[in-house]
Amino acid sequence: QLTGTAWRPEPPSSGGEQDNEVWTFKWQEKVFSQHEEELYSDLGNCSTVLEQKYHRDILALRNAGGRPNRRLFCYVDTDPPPPTTEAHHPMTDWSSGPETFASRFGSSVRRRRGHIRGVVPRWPLAQDPVLQRPSEDHMINARVNSVPTQAMHLMADLGRMDSQDVGDEYQLCEVKVDDNGMVTISPDFNGDKPPYRIENSHREIFE
């Protein structure tokens with residue numbers, strides 16, 4: 001179970017409002033956000049097979065009474081990378097061109113760490129990280145057998161509930177499971193440490 005709690009600044013004439021939500025995520029089960037519900041409810045926004053499936057899922061949810069969740073949602077392995085995990089940059093210099101399914105994936109795959117504020121590159125900027133003529137020993141030692149992995153991004157919409165702004169959508173954690181059964185969770189469980197806290201753009205605190 002994933003629990004979200006918020007303490008809001010106290011209004012002048014009343015006590016503070018507490019905002020709690022508990023949601024049990026099942027592996028690779030899609031849970032939509034408020035923004036996704038509005039986006040996929042319009043068939044004109046759905047060009048791929050996955051987006052058209054989400055359109056049908058949203059209509060079914062609305063016919064059944066609406067989304068049962070409020071703030072907590074997730075991105076599954078088949079979704080495009082969540083916008084909060086990477087700095088997105090255009091794939092070309094065609095600023096007026098339409099965004100394609102491939103460009104959404106590509107802009108997140110390219111990890112331009114130098115463009116992310118506060119993140120220091122793992123190598124000096126003057127050093128080229130690409131070896132133009134690697135030695136045979138280097139190629140043998142650097143070879144990695146990749147294991148197929150599935151991931152889920154557990155997210156929270158910490159903005160005003162009557163707003164469609166995605167600027168207050170935050171990734172709470174990422175869960176990965178590879179074909180060997182290895183489970184990786186980032187960030188790690190807090191254990192005996194205080195709960196993780198997030199301050200949104202309205203200076204409200206969630207944990």
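- Both Met155 and Trp27 are members of a single hydrophobic cluster when ILVMFWY side chains are connected at heavy-atom separations under 4.5 Å.
- In this structure, His153 NE2 and Glu169 CD are separated by 13.5 Å, a value rounded to the nearest 0.5 Å.
- In this structure, the salt bridge (Lys or Arg N to Asp or Glu O under 4.0 Å) partners of Arg62, at least two apart in sequence or on a different chain, are Glu37, Glu38.
- Asp168 approaches Ser201 most closely through the heavy-atom pair OD2-OG, 2.6 Å.
- One distance of note links CG of Leu172 with CZ of Arg71; it measures 11.5 Å at 0.5 Å rounding.
- To the nearest 0.5 Å, atom OG1 of residue Thr24 and atom CG of residue Leu72 are 10.0 Å apart.
- Looking at residues two or more places apart in sequence or on another chain, you find a side chain to side chain contact (heavy atoms under 4.5 Å, CB included) between Leu59 and His55.
- Looking at Asp79 and Lys30, a side-chain N of the basic residue comes within less than 4.0 Å of a carboxylate O on the acidic one, giving a salt bridge.
- Here ring pair (Phe, Tyr, Trp, His ring centres under 6.0 Å) pairs that include residues 177-200, with residues two or more places apart or in two chains, number zero.
- Residues Trp23 and Pro68 have side chains in contact (heavy-atom distance under 4.5 Å, counting atoms from C-beta outward).
- In this structure, Glu36 contributes its side chain and Phe32 its backbone to no donor-acceptor pair below 3.5 Å.
- To the nearest 0.5 angstrom, Leu154 atom CG is 5.0 Å from Phe25 atom CZ.
- Contact detail for Val76 and Gln28: the closest heavy-atom pair is CB-OE1, 3.3 Å.
- Met152 is not listed as a side-chain neighbour of Asp77, based on a closest heavy-atom distance of 4.5 Å or more.
- With rounding to the nearest 0.5 Å, the separation of CD1 in Ile58 from CG in Leu39 is 9.0 Å.
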TODO: Would you please test Arg67 and Gln34 for side-chain contact (heavy atoms from CB on, under 4.5 Å) and show each step?
DONE: CA-CA 8 Å; Arg67 291 185 305 120; Gln34 180 180 357; 3.4 Å; yes
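- Gln52 meets the side chain to side chain contact (heavy atoms under 4.5 Å, CB included) test with Cys46, Arg56; sequence neighbours excluded.
- Residues Phe73 and Val31 come closest through the heavy atom pair CB-O, 3.3 Å.
- Minimum interatomic distance between Ala151 and Glu174 (heavy atoms only, all atoms of both residues): CB-OE2, 4.3 Å.
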Donor-acceptor pairs under 3.5 Å, side chain of residues 175-188 to any protein atom, not counting sequence neighbours: which ones?
unit_1	atom_1	unit_2	atom_2	d
Asp178	OD1	Asn180	N	2.9
Asp178	OD1	Gly181	N	3.1
Asp178	OD1	Met182	N	2.9

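- Nearest heavy atoms, Tyr170 versus Leu158: CD1-CD1, 3.6 Å.
- Partners of Tyr40 according to the ring-ring contact (aromatic ring centres under 6.0 Å, His included) rule, which considers only residues two or more places apart in sequence or in another chain, are Tyr54.
- Here the NZ atom belonging to Lys53 is positioned 7.5 Å from the CG atom belonging to Leu50, to the nearest 0.5 angstrom.
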